[in-house]
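No hydrogens, no waters, no symmetry mates; every other heavy atom, side chains included, goes into these values.
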Amino acid sequence: MEKLISRIINIVFIIVFSFILLGGLFYKNQVFMPEHQIFVIFSTVLWFLILFFGYKFINKINIKKSNMILILMFFAFFLLQLFFAYMLRVYPTWDFGGVYYVALNYVDVGNFDLYKLYPNNYFLAYCFGFFYKIISIFGISKFFRLSIILNIFLIDSSIFLVYLVVKKLLNVNAALFSALMCLCSTPFLLYTPIFYSDTLTMFIPILMVYIVILLDETNSKKKQFLLILFLVLLAFVGYKIKASILVVIVAIIIYWLFRDRRLKEGLSKFGIFLLIFVFIVSSFSLIEKNVILKDARKSGIVFPITHWIMMGLNSDTNIYGGFLPQDVDITNNSEDKVYTNIAIIKSRISERKFLGNLHFYARKIVDTWCDGTYFAPEKLSRKPVEENFLHQFVLNKGNYFDILFCVSTGYILALYLFMVFAAILKRNDNKFNYILLLQCILLGIWLFLLIWETRSRYLVNFVPLMIVLATLSLNLIYEKINVNNK
């Protein structure tokens, strides 16, 4: 069974990411519309060569004082992040602003006024509200600035976790290279001024994978239980802030069931995880209802799951399957929301017919997965504090925006290329290893966003996992070439 499942996941991964790669290379992104698609292709080839020969070079040198190199690298990058956060700072708007102002209101009046928030943002508002309340006791009132620092810290913690995971699985040279790869990815810089769920949960999926690795290394039942407990707490926090974290949970459960030599061990881990997770979710729901929200004015915006599936099928915006205010109005004004959503879902699918649906999903996939900016330009264009020279590169209306888009998109396409090559090379390797676990997670989020409302920003907290998989893929290709050359 392990061999069959491993082969299926690997084959599906090759098919899906080959399509994404070809779509990114030859189909113009409809969200930001680069003028010259040929530059995306050129950028992809260039990044592929830079990363391959860079990895080859770093593997041949004897790195001493790796900790010192890592500290210096993080310090330099932190300064660069502060610079970008300052230059690209924006006034809080959209959901990001809603969460911030609800948290401020809690500090002022001691109550969560959640009326204008979607329920998926409640937990994040609690976190910021309690955080601001605690630090205000010590006379700290610069909440906005401190939130940006916290955001940068959590972003950088995900880079450090990438380093730790790759160091565990490969070596210190590869780990340093993977950290450098993070620095080349735009979200680690462009999202520094926006402290929202995308970056605040960036460390959670990669930390969950790291815990799984630690679990595999220990035979101590006590340590295993404590690691599973920590994993459950992470999963709970991640799920409450960003529902897509559920994909990581499902992938880990699949890994346990098929990776462990004895099914009993996998079922044991799954059982412990599930029991603790259900207990924590149920306990929090009671506390939320009877304590946190006892006197709060809750949002009237409570939508069924079918709403987000319906919105994931709209083609009335430049982002196929993206957020659409008209869809919000339809659901909000409907008495039987589920019935209305399902009727529109059926209508949208039937109206497009077979070929129309193929085109719709193809464009939805490419626009989601082949945007190296991860939608940051659109978010940074909403009420910037002061426009400067950086905005000429970062905003869609900027004179040099095409440079940013082509360079950043070429970078992620090069990562996909390594992943696909490595998956092809390991097609006969039927072991359910960590590469398979990462492939499973990425296929899970691909399927989730195929069905759900989407945009490239929703991939931000999965970027660290992509970089780990790309590094492992690079290493596999490098080793294969070395073996063939001997």
Side-chain angles (χ1 to χ4, degrees), residues 3 6-26 40-63 159 162-185 206 209 213 369-370 372 407-443 446 462-486:
K3 291 180 180 179
S6 299
R7 183 160 287 188
I8 289 171
I9 291 172
N10 197 56
I11 290 171
V12 173
F13 186 86
I14 291 170
I15 294 169
V16 169
F17 276 83
S18 293
F19 175 81
I20 291 172
L21 178 62
L22 291 172
L25 289 171
F26 302 109
V40 173
I41 300 172
F42 174 76
S43 173
T44 304
V45 173
L46 189 60
W47 273 117
F48 182 87
L49 295 173
I50 290 170
L51 291 172
F52 179 76
F53 287 106
Y55 188 79
K56 186 177 180 181
F57 169 77
I58 204 166
N59 264 281
K60 287 183 176 179
I61 61 176
N62 182 22
I63 296 180
I159 301 175
V162 167
Y163 171 85
L164 290 179
V165 168
V166 175
K167 187 179 178 182
K168 279 272 185 191
L169 300 181
L170 296 175
N171 53 61
V172 70
N173 292 48
L176 283 171
F177 190 77
S178 66
L180 285 169
M181 286 173 70
C182 292
L183 310 190
C184 298
S185 188
I206 185 69
V209 170
I213 295 170
W369 287 85
C370 303
V407 170
S408 61
T409 301
Y411 181 72
I412 61 165
L413 293 180
L415 299 190
Y416 298 157
L417 189 54
F418 285 119
M419 294 177 200
V420 171
F421 277 174
I424 293 170
L425 288 175
K426 71 180 291 297
R427 64 191 181 278
N428 295 321
D429 179 5
N430 297 317
K431 294 178 182 177
F432 207 112
N433 53 22
Y434 296 117
I435 288 181
L436 258 293
L437 171 60
L438 294 169
Q439 287 179 343
C440 200
I441 292 171
L442 293 187
L443 285 175
W446 170 80
F462 290 90
V463 172
L465 293 180
M466 292 184 201
I467 289 171
V468 170
L469 181 55
T471 308
L472 297 178
S473 300
L474 246 171
N475 184 71
L476 191 67
I477 296 166
Y478 174 73
E479 287 183 344
K480 189 76 172 177
I481 291 171
N482 275 357
V483 168
N484 291 339
N485 287 338
K486 286 181 180 178

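- With rounding to the nearest 0.5 angstrom, the OG atom of Ser185 is 13.0 Å from the CG atom of Leu180.
- Counting heavy atoms from C-beta outward, Thr471 and Leu170 have side chains that approach closer than 4.5 Å.
- Using a 4.5 Å heavy-atom cutoff, the side chains of Leu183 and Ile159 are in contact.
- Each of Leu169, Leu164, Leu437 was compared with Ile213 under the side chain to side chain contact (heavy atoms under 4.5 Å, CB included) criterion, and only Leu169 meets it.
- Atom OG of residue Ser178 and atom CD1 of residue Ile58 lie 9.0 Å apart, to the nearest 0.5 angstrom.
- Expressed to the nearest 0.5 Å, how far CD1 of Ile467 lies from CD1 of Ile206 amounts to 9.0 Å.
- The line from CG of Asn10 to CD1 of Ile15 is 10.0 Å long, rounded to the nearest 0.5 Å.
- Rounding to the nearest 0.5 Å gives a distance of 11.5 Å between CD1 of Ile9 and CG of Leu438.
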Before giving the answer on side-chain contact (heavy atoms from CB on, under 4.5 Å), spell out for Ile20 and Cys370 the whole-Å C-alpha distance, their side-chain angles and the decisive distance to 0.1 Å. CA-CA 7 Å; Ile20 291 172; Cys370 303; 3.7 Å; yes
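- Contact check for Leu51 versus Leu415: side-chain heavy atoms found under the 4.5 Å cut-off.
- Between the side chain of Ser43 and the backbone N or O of Val40 there is no donor-acceptor pair closer than 3.5 Å.
- Put simply, the side chain of Tyr411 gets close to the backbone of Met181: a donor and an acceptor are under 3.5 Å apart.
- The one candidate from Ile477, Asn173, Leu474 that meets the side chain to side chain contact (heavy atoms under 4.5 Å, CB included) condition with Tyr55 is Leu474.
- Taking 4.5 Å as the limit, every side-chain heavy atom of Leu472 sits out of range of all side-chain heavy atoms of Leu476.
- Taking the side chain as every heavy atom from C-beta outward, Ile41 and Phe26 approach each other to under 4.5 Å.
- One finds the CG atom of Leu21 at 12.5 Å from the CD1 atom of Ile14 (value rounded to the nearest 0.5 Å).
- Scanning all heavy atoms of the two residues, the minimum distance from Phe418 to Phe52 falls at CZ-N, 3.9 Å.
- Aromatic rings of Trp369 and Phe17 (six-membered ring for Trp) have centroids within the 6.0 Å cut-off, being under it.
- The side-chain heavy atoms of Lys426 and Asn433, taken from C-beta on, include a pair separated by under 4.5 Å.
- Residues Leu469 and Phe13 meet the side-chain proximity criterion, which asks for heavy atoms closer than 4.5 Å.
- Between the Trp47 side chain and the Val407 main chain, a donor and an acceptor come within less than 3.5 Å of each other.
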Could you walk me through whether Val468 and Tyr434 pass side-chain contact (heavy atoms from CB on, under 4.5 Å), step by step? CA-CA 10 Å; Val468 170; Tyr434 296 117; over 6 Å; no
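- By the 4.5 Å heavy-atom criterion applied to side chains, Leu442 and Met419 are counted as neighbours.
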Worked check of side-chain contact (heavy atoms from CB on, under 4.5 Å) between Val12 and Trp446: CA-CA 11 Å; Val12 173; Trp446 170 80; 5.6 Å; no
